[in-house]
Student: 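First, the structure itself, so that you have it in front of you.
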Amino acid sequence: MKPYEINNMIIDDELDGEEFVTVDFTYQNKDYSITFQKADLEIINTWVFKDGTSLPANLTDNIIELIREDIKKRI
C-alpha cells in the first residue's frame, strides 16, 4: 500500500513549449502539490497546503521517488 494518495494530475504543455506535470496528493493527512518537468521528472516546486495558504514543502527523497515512479506509469 502506498503511503500517499494521488488526488489529481495535470499535464501542462502550454509554457514555452515545455511540458510540466503537476501532481496533487495527500500524505500524512496533509495536502501537497509537486510540479515536475515532464521530460525528465526534475522537480520544479513542491508545496504543502495549510490553513488556506501554500508553503514550500520539505518531502523525503523516498516519497518523491515513489511519486516519480507512479507518474511514469501513468503518462
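What you see below is based on every heavy atom in this structure, not just the backbone, and it leaves out hydrogens, waters and symmetry mates. In this text, all values refer to a predicted model and were calculated from it rather than measured experimentally.
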Student: Measuring from Met9:CE to Ile67:CD1, what's the distance to the nearest 0.5 Å?
Tutor: 12.0 Å

Student: Is there any side chain to side chain donor-acceptor pair (under 3.5 Å) pair reaching into residues 56-66, and which pairs are they, with sequence neighbours excluded?
Tutor: Glu65-Arg68

Student: Please check if Leu55 and Tyr27 belong to a single hydrophobic cluster, counting links between Ile, Leu, Val, Met, Phe, Trp and Tyr side chain heavy atoms closer than 4.5 Å.
Tutor: yes

Student: Is there a side-chain contact between Leu66 and Lys2, using heavy atoms and a 4.5 Å cut-off?
Tutor: no

Student: Side chains of Asp12 and Thr22 only: does a donor on one sit below 3.5 Å from an acceptor on the other?
Tutor: no

Student: Tell me, please, which residues at least two apart from Tyr32 pass ring-ring contact (aromatic ring centres under 6.0 Å, His included).
Tutor: Phe25

Student: Can you hop from Ile44 to Phe49 via hydrophobic side chains spaced under 4.5 Å?
Tutor: no

Student: Once you round to the nearest 0.5 Å, how far does CD1 of Ile71 lie from CZ of Phe36?
Tutor: 4.0 Å

Student: Do any pairs count as a salt bridge (charged side-chain N to carboxylate O under 4.0 Å, His left out) and have a residue in residues 24-35, sequence neighbours left out, and if so which ones?
Tutor: none

Student: Starting from Ile10, can I reach Val48 by hopping between I/L/V/M/F/W/Y residues whose side chains sit under 4.5 Å apart?
Tutor: no

Student: Can you tell me how far the CG atom of Asn7 sits from the OG1 atom of Thr26, to the nearest 0.5 Å?
Tutor: 4.0 Å

Student: Would Ile6 and Arg74 count as a side chain to side chain contact (heavy atoms under 4.5 Å, CB included) if you check the C-alpha gap in whole Å, the side-chain angles of each, and the deciding distance to 0.1 Å?
Tutor: CA-CA 11 Å; Ile6 292 179; Arg74 293 176 185 228; 3.9 Å; yes

Student: Working to the nearest 0.5 Å, report the span between CD1 of Ile63 and CD of Gln28.
Tutor: 7.5 Å

Student: Taking a hydrophobic cluster as the set of Ile, Leu, Val, Met, Phe, Trp and Tyr residues connected by side-chain heavy atoms closer than 4.5 Å, whether directly or through intermediates, do Leu41 and Ile11 fall within one such cluster?
Tutor: yes

Student: What residues, two or more places apart in sequence or in another chain, satisfy salt bridge (Lys or Arg N to Asp or Glu O under 4.0 Å) together with Lys72?
Tutor: Glu69

Student: Do you know the tightest heavy-atom contact between Ile34 and Ile64?
Tutor: CD1-CG1, 4.4 Å

Student: Filter on side chain to side chain donor-acceptor pair (under 3.5 Å), then keep only pairs touching residues 40-51, sequence neighbours left out; what's left?
Tutor: Thr35-Asn45, Asn45-Trp47

